[in-house]
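Throughout, a chain's letter reflects where its sequence line sits, starting with A, and its residues are numbered from 1.
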Amino acid sequence: MTQKPGIPKGTRDFLPQTMMRRNYIFDTIREVFQNYGYLPIETPAMENLKTLMGKSGEEGDRLLFKLLNSGDFLKDINKNDIDEKRIGKVTTSISEKGLRYDLTVPFARFVVQHRNELTFPFKRYQIQPVWRADRPQKGRYREFTQCDVDVIGSDSLLNEVELIRMIDDVFSKLKIKVVIKLNNRKILSGISHYIGAPEMLTDITTAMDKLDKIGIASVVEELKNRGIYTEMIDKILPIIELKGNNYSKLDKLNKVIGHTEDGSTGIKEMKTILDRLSSVNIHSEIEFDQALARGLDYYTGTVFEVKAKDVAIGSVCGGGRYDDLTGVFGLPNVSGVGVSFGADRIYDVMNESNLFTGQLLSSTQVLLVNFGDKEAGYSLKVLEELQKNNIKAELYPDAAKMKKQMKYADQKDIRYVILLGEEEMTSGKLTLKDMRTGEQSKAGLPDIINQLKD
RNA sequence: GUGGAUGUAGCUCAGGUGGUUAGAGCGCUGGAUUGUGGUUCCAGAGGUCGUGGGUUCAAGUCCCAUCUUCCACCCCA
């Protein structure tokens with residue numbers, strides 16, 4: 001009885017060609033991170049559920065993958081809890097570990113746990129997979145890789161500016177056109193105070209955020225459904241419909257919510273960031289968007305969201321400032337800010353926009369054809385010499401038909417083939433064939449090495 | 001988590017109203033060309049029709065369930 005091969009919903013295998021391209025993305029991002037002085041760390045795929053729960057909002061908790069305890073996991077279970085279907089209680093007694101949902105929460109845990117070994121402000125980057133029990137769609141996977149950069153232990157807005165410059169750098173290098181959207185949670189808080197319903201902050205922002213998608217009438221409808229009074233909605237509407245460039249939007253907004261404490265500091269912070277950005281060279285479009293909310297509960301200041309302009313796929317990068325994520329782990333008053341690049345979506349965008357170019361295909365430069373036992377022995381020495389000179393080379397392992405070996409080189413997109421048969425062994429001159437032009441010539445090994453090095 | 005579509009060869013897809021041995025293109029294997037790929041010609045292999053039930057003399061086709069992928073919502077990278 002054989003079984004059909006398969007993998008869990010929302011997960012994927014990556015074939016060599018895809019990996020070459022993914023690695024190109026990772027290399028580009030890593031290079032930028034290091035260029036700005038960030039250092040790598042890694043944390044385990046699984047964390048204690050206590051660490052993960054309650055950090056990213058209710059939605060986040062629902063999307064957590066939980067791991068069944070090892071051994072007799074039914075040991076501590078309460079029968080009544082099962083009978084009465086208290087899912088939460090049963091879950092906590094049979095599962096104490098889960099797969100991480102993002103890299104920010106594990107990072108906060110990491111910082112507190114290693115605070116005495118770190119130098120602050122601590123700048124780190126982390127490129128690892130995360131897991132979410134979401135329903136998969138295009139650009140939405142259950143296992144995907146995030147590339148996080150964060151700086152923790154500094155509340156300077158220069159960090160925000162630096163992150164925006166890095167975002168701009170990464171997407172410029174990858175040739176993806178993006179718009180970088182910015183907002184500040186304090187502005188949103190100011191708005192909710194201004195209309196007199198601070199506790200409705202989340203409801204207001206999620207409704208506002210939909211303006212582009214569903215239009216103004218539906219937003220009003222949604223606000224009503226969420227229990228916001230008509231007179232409040234009348235106050236919000238002008239804010240939602242604010243138009244103009246970044247500064248004029250902020251000025252108009254300041255007239256309305258500038259008297260609130262949060263609103264005023266939020267607007268000041270936003271202006272400072274825009275001022276600083278104007279003195280550096282940024283290629284991407286920067287847009288202050290008063291409706292940008294972002295669901296992650298721990299954000300308290302600036303929030304970022306980056307969208308690809310040519311492909312509709314959700315955000316390719318997002319993040320924000322969190323003032324007290326380390327507090328729950330026992331290290332209060334440490335502010336951090338960071339963003340996360342979604343490698344998988346970046347791949348999808350590049351793929352759809354045909355931004356991957358040929359040189360990413362093959363790694364091997366030259367293939368040695370295997371003519372048989374005697375010749376393979378000689379070829380092995382040639383192979384060693386080529387590799388010693390940093391020429392990526394491989395010897396075909398079997399003395400298969402030459403046609404088959406040539407075809408192998410062709411399909412792996414290997415540029416050169418060396419023919420080394422009896423004739424070449426006696427003369428010491430190897431036959432080098434250029435698969436692209438079809439031309440072939442005879443030369444000694446040192447000459448060939450020189451030619452391949454260029 | 002809610003609603004809606006989808007699934008036939010490795011890939012992309014044909015297969016009116018149920019009816020014999022389920023097809024094509026590409027790919028794959030072999031040969032024409034015993035030391036030459038990519039082009040051409042010839043031949044061949046490969047499918048429990050996603051899976052499990054049911055209706056029927058008969059199911060790729062109808063019904064139910066389930067899984068996958070995709071779309072919208074939700075949320076987000």
Side-chain angles (χ1 to χ4, degrees), chain A residues 1-12 15 25 29 56-63 87 101-104 127-148 167 178 202 206-207 209-210 213-214 218 222 292-297 299 303-308 312-320 338-349 367 369-372 375 396 399-425 430-440:
Chain A
M1 180 79 179
T2 57
Q3 62 181 64
K4 270 204 165 177
I7 52 176
K9 181 199 279 213
T11 64
R12 296 151 298 153
L15 270 60
I25 294 171
I29 290 174
S56 314
E58 271 176 53
E59 186 70 11
D61 287 355
R62 184 175 68 74
L63 298 177
I87 307 277
Y101 168 95
D102 66 9
L103 297 177
T104 309
I127 301 178
Q128 288 192 278
V130 303
W131 294 267
R132 294 181 191 177
D134 221 337
R135 190 180 283 198
Q137 270 181 43
K138 190 174 201 166
R140 184 162 152 184
Y141 310 99
R142 287 189 152 186
E143 178 184 63
F144 61 96
T145 302
Q146 291 195 324
C147 312
D148 269 42
I167 292 170
V178 295
T202 327
T206 48
D209 200 26
K210 290 182 186 167
K213 254 185 199 170
I214 61 179
S218 309
E222 170 126 13
L292 175 66
R294 302 192 55 77
L296 263 37
D297 278 3
Y299 292 135
V303 286
F304 309 86
E305 183 164 284
V306 182
K307 292 204 143 195
I313 199 166
S315 51
V316 289
C317 176
V339 294
S340 179
F341 292 81
D344 304 79
R345 283 185 181 175
I346 290 174
Y347 176 92
D348 291 341
V349 168
L367 174 78
V369 172
N370 186 332
F371 280 93
E375 294 89 341
Y396 198 86
K401 280 187 182 154
M402 198 162 158
K403 183 180 169 128
K404 190 172 182 180
Q405 302 192 38
M406 295 299 284
K407 198 164 184 174
Y408 173 82
D410 188 51
Q411 291 191 330
K412 268 188 91 171
D413 205 26
I414 298 172
R415 173 84 190 264
Y416 294 100
V417 168
I418 287 177
L419 302 185
L420 210 174
E422 220 175 311
E423 190 190 319
E424 284 84 356
M425 276 173 72
L430 314 183
T431 303
L432 179 73
K433 171 160 179 157
D434 183 335
M435 295 293 278
R436 234 180 268 175
T437 60
E439 285 165 14
Q440 58 186 60

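When heavy atoms are screened at a 4.0 angstrom cut-off, A/E423 is found touching base atoms of the nucleic acid. Residue-level contact check: A/C317 touches the backbone only, with heavy atoms under 4.0 Å from sugar-phosphate atoms and none from bases. Contacts of A/G60 with the nucleic acid, taken as non-hydrogen atoms under 4.0 Å apart, are absent. Base contact: A/K433 has a heavy atom under 4.0 Å from a base atom. Heavy atoms of A/E424 sit under 4.0 angstrom from at least one base atom. Note on A/Y141: a base of the nucleic acid sits closer than 4.0 angstrom, heavy atoms only. Base contact: A/Q440 has a heavy atom under 4.0 Å from a base atom. Note on A/G372: nothing from the nucleic acid sits closer than 4.0 angstrom, heavy atoms only.
No donor-acceptor contact under 3.5 angstrom links the side chains of A/T431 and A/Q440, judged on distance only.
Atom P of B/G31 sits at a distance of 13 Å from the matching atom of B/G38, rounded to the whole Å. One P atom belongs to B/U61, the other to B/U8, and the distance between them is 13 Å to the nearest Å. Comparing B/U68 with B/U2, their P atoms are spaced 14 Å from each other, to the whole Å. Comparing the C1' positions of B/A24 and B/U17 gives a spacing of 25 Å, expressed to the nearest Å. Annotation: B/C70 and B/C64 have their C1' atoms spaced 23 Å apart (nearest Å). B/U66 and B/G3 have their P atoms separated by 12 Å, given to the nearest Å. Taking atom P on both nucleotides, B/G18 is separated from B/C63 by 11 Å, rounded to a whole Å. B/U21 and B/G47: their C1' atoms are spaced 14 Å apart (whole Å).
Atom CG of A/D434 is separated from atom P of B/U36 by 18 Å (rounded to the nearest Å). Distance, A/R142 CZ to B/C67 P: 11 Å, rounded to whole Å. In this structure, A/D102 atom CG and B/C75 atom C1' are separated by 14 Å, rounded to whole Å. Counting to the nearest Å, the P atom of B/U68 and the CZ atom of A/R12 are 15 Å from each other. Regarding A/D134, its CG atom lies at a distance of 13 Å from the P atom of B/C70, rounded to whole Å. Taking atom NZ on A/K404 and atom P on B/C28, their separation rounds to 12 Å, with Å as the unit. We find that CD of A/Q128 is positioned 16 Å from C1' of B/A77, with the value rounded to whole Å. Between the CZ atom of A/R135 and the P atom of B/C76 there is a distance of 18 Å, given to the nearest Å.
Across B/U29, B/U2, B/U69, the shortest atom-to-atom separation from the side chain of A/K407 is found for B/U29. With B/C71, B/G35, B/U68 as the candidates, the nucleotide lying closest to the side chain of A/K9 is B/U68. Side-chain proximity of A/K401 to B/G37, B/G31, B/C76: nearest is B/G31. Between B/G3, B/A77, B/G35, one nucleotide has an atom nearer to the side chain of A/T431 than all others, and that is B/G35. For A/Q146, counting side-chain heavy atoms from C-beta on, the closest listed nucleotide (B/C71, B/A77, B/G35) is B/A77.
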Worksheet, complete the sentence: Parsed dot-bracket for RNA chain B after applying the Watson-Crick and G-U rules with both distances under 3.5 Å and | for other-strand partners is (((((.(..((((.....[...)))).(((((.......))))).....(((((..]....)))))).)))))....

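A distance-only check finds a donor-acceptor pair linking the side chain of A/R345 to the backbone of A/G139 [under 3.5 Å]. Counting only distance, with no hydrogens or angles, the side chain of A/E143 and the backbone of A/R12 share no donor-acceptor pair below 3.5 Å. Panel note: side chain A/N370, backbone A/G372; a donor-acceptor pair is recorded below 3.5 Å.
Proximity of A/Q137 to the phosphate of B/A72: a side-chain N or O atom is located under 4.0 Å from OP1 or OP2. Phosphate contact (OP1/OP2 of B/U36, side-chain N/O of A/K403, threshold under 4.0 Å): absent.
A residue-by-residue look at A/A133 and A/E305 shows that A/A133 has its nearest nucleotide of RNA chain B further toward the 5' end.
The base of B/G37 has none of its N or O atoms less than 3.5 Å from a complementary donor or acceptor on the side chain of A/R436. No hydrogens or angles were tested; on distance alone, a donor-acceptor pair under 3.5 Å links the side chain of A/R345 to the base of B/C76. One can find a donor-acceptor pair under 3.5 Å joining the base of B/C74 and the side-chain atoms of A/R140. Applying the 3.5 Å distance criterion, the base of B/G37 shares a donor-acceptor pair with the side chain of A/D410. A donor N or O paired with an acceptor N or O is found under 3.5 Å between the base of B/A77 and the side-chain atoms of A/R132.
Summarising the geometry of A/R132 relative to A/Y101, their closest heavy-atom pair is NE-O, 3.0 Å, with the distance given to 0.1 Å.
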Item to complete: Give the C-alpha distance, both sets of side-chain angles, the deciding distance and a yes or no for side-chain contact (heavy atoms from CB on, under 4.5 Å) between A/L419 and A/M402.
Response: CA-CA 10 Å; A/L419 302 185; A/M402 198 162 158; 3.3 Å; yes

Discussion item. Under the criterion side-chain contact (heavy atoms from CB on, under 4.5 Å), I'd like the reasoning laid out for A/W131 against A/T11: C-alpha separation, chi angles, the key distance, then a yes or no.
Written reply: CA-CA 9 Å; A/W131 294 267; A/T11 64; 5.8 Å; no

Practice prompt. Determine, step by step, whether A/D134 and A/F144 satisfy the side-chain contact (heavy atoms from CB on, under 4.5 Å) criterion, reporting the C-alpha distance in whole Å, the side-chain angles of both residues, the deciding distance to 0.1 Å, and the verdict.
Written response: CA-CA 12 Å; A/D134 221 337; A/F144 61 96; over 6 Å; no

Discussion item. What verdict does the side-chain contact (heavy atoms from CB on, under 4.5 Å) test give for A/V306 and A/V339, after you've listed the backbone C-alpha separation in whole Å, the side-chain angles of each residue and the deciding distance to 0.1 Å?
Written reply: CA-CA 10 Å; A/V306 182; A/V339 294; over 6 Å; no

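A/I127 pairs with exactly one of A/D148, A/T145, A/I25, A/L103 by the side chain to side chain contact (heavy atoms under 4.5 Å, CB included) rule, that one being A/T145.
A stacked arrangement is not assigned to A/F371 and the six-membered base ring of B/G35, the conditions of a centre distance below 5.5 Å and an interplanar angle below 30° not being jointly met.
Between A/L367 and A/Y416, the closest side-chain pair of non-hydrogen atoms is not below 4.5 Å.
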